[in-house]
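Just below is one structure, and these are the notes that go with it.
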Amino acid sequence: MNANRGMTNQEKTLSFKVLCVFAFVFGGFTLVYSIFILLNGLGQPSVLDGFRIELFPEDLRLVSRQIVSALGFLLAVFTFFGIIQLWNKVKAGFWVFSISIFLFLLLPFIFLEVSFFWLFRTLLAYILITGLFIVLFRNNLKNMA
């Protein structure tokens with residue numbers, strides 16, 4: 001192992017590399033989706049129909065959609081940053097990834113005024129994939145710095 005590359009004392013296994021590549025694709029999809037929501041949230045309120053503006057103070061209600069869109073984008077950036085840290089075998093990357101993706105998943109449940117079960121069914125695949133990534137990366141924590 002080359003100490004100049006900044007890796008830990010163990011090389012990445014093939015399964016860990018494959019896991020990271022899938023996580024990069026997943027994180028990239030999340031980032032692109034958040035950019036789409038951010039851009040549409042700035043221009044077309046129809047993307048965020050059913051939005052609960054009453055959760056915001058009176059003076060922020062006009063920009064509440066933009067605030068939530070920007071928050072989603074920032075969480076997606078943190079998620080992707082966490083994946084980069086995981087690739088570099090930095091243990092803190094697991095927590096950055098896990099917490100930010102969990103908060104990203106909570107946004108629609110908090111701010112959209114739709115049935116919980118409808119939203120859960122709609123996001124079920126995303127929730128399951130997220131849970132799988134968290135479990136698989138959790139199993140690799142012992143090999144990280």
Inset, instruction - To the nearest 0.5 angstrom, please state how far the CG atom of Leu107 sits from the CG atom of Leu75. - result: 6.0 Å

Legend entry - Phe26 and Phe133 aromatic ring geometry - parallel, tilted or perpendicular at 30°/60° bounds: tilted

Inset, instruction - Give the cluster check for Leu105 versus Val135: same hydrophobic cluster or not, with ILVMFWY residues linked at side-chain heavy-atom distances below 4.5 Å. - result: no

Inset, instruction - For Ser34 and Leu31, indicate whether the former's side chain and the latter's backbone hold a donor-acceptor pair under 3.5 Å. - result: yes

Legend entry - More than 12 heavy atoms from other groups under 6.0 Å of OH on Tyr33: no

Inset, instruction - Following the transitive rule for hydrophobic clusters with a side-chain heavy-atom cut-off under 4.5 Å over Ile, Leu, Val, Met, Phe, Trp and Tyr, establish whether Leu74 and Ile110 coincide in one cluster. - result: no

Inset, instruction - Mind running side chain to side chain contact (heavy atoms under 4.5 Å, CB included) on Val25 and Phe29 for me, showing each step along the way? - result: CA-CA 6 Å; Val25 171; Phe29 170 77; 5.6 Å; no

Legend entry - Whether Phe116 and Phe109 hold their rings parallel, tilted or perpendicular, with breakpoints at 30° and 60°: tilted

Inset, instruction - Any chance you could measure Cys20, atom SG, to Lys17, atom NZ, to the nearest 0.5 Å? - result: 10.0 Å

Inset, instruction - Would you indicate whether the side-chain heavy atoms of Leu71 and Phe104 approach each other to under 4.5 Å? - result: no

Legend entry - Derivation and outcome, side chain to side chain contact (heavy atoms under 4.5 Å, CB included), residues Ile101 and Ile134: CA-CA 10 Å; Ile101 198 69; Ile134 290 172; 4.2 Å; yes

Legend entry - Proximity of Phe24 and Phe80 rings by center, below 6.0 Å: yes

Inset, instruction - Calculate, to the nearest 0.5 Å, the distance between atoms CZ and CD1 belonging to Phe102 and Ile127 respectively. - result: 10.0 Å

Legend entry - Phe111/Phe56 aromatic ring centres below 6.0 Å: yes

Inset, instruction - Kindly compute the distance separating CG (Leu136) from CZ (Phe16), expressed to the nearest 0.5 Å. - result: 11.0 Å

Inset, instruction - Report yes or no: do Leu103 and Leu128 belong to one cluster of Ile/Leu/Val/Met/Phe/Trp/Tyr joined by side chain heavy-atom distances under 4.5 Å? - result: yes

Legend entry - Sub-4.5 Å side-chain heavy-atom contact between Ser115 and Phe120: no

Legend entry - Spacing of CG belonging to Leu119 relative to CD belonging to Glu113, to within rounding of 0.5 Å: 12.5 Å

Legend entry - Same apolar cluster: Ile84 and Phe97, side chain cutoff 4.5 Å: yes

Legend entry - Approximate separation, where rounding is to 0.5 Å, of Thr30 OG1 and Ile83 CD1: 7.0 Å

Legend entry - Transitive ILVMFWY side-chain link Val18 to Leu86, under 4.5 Å: yes

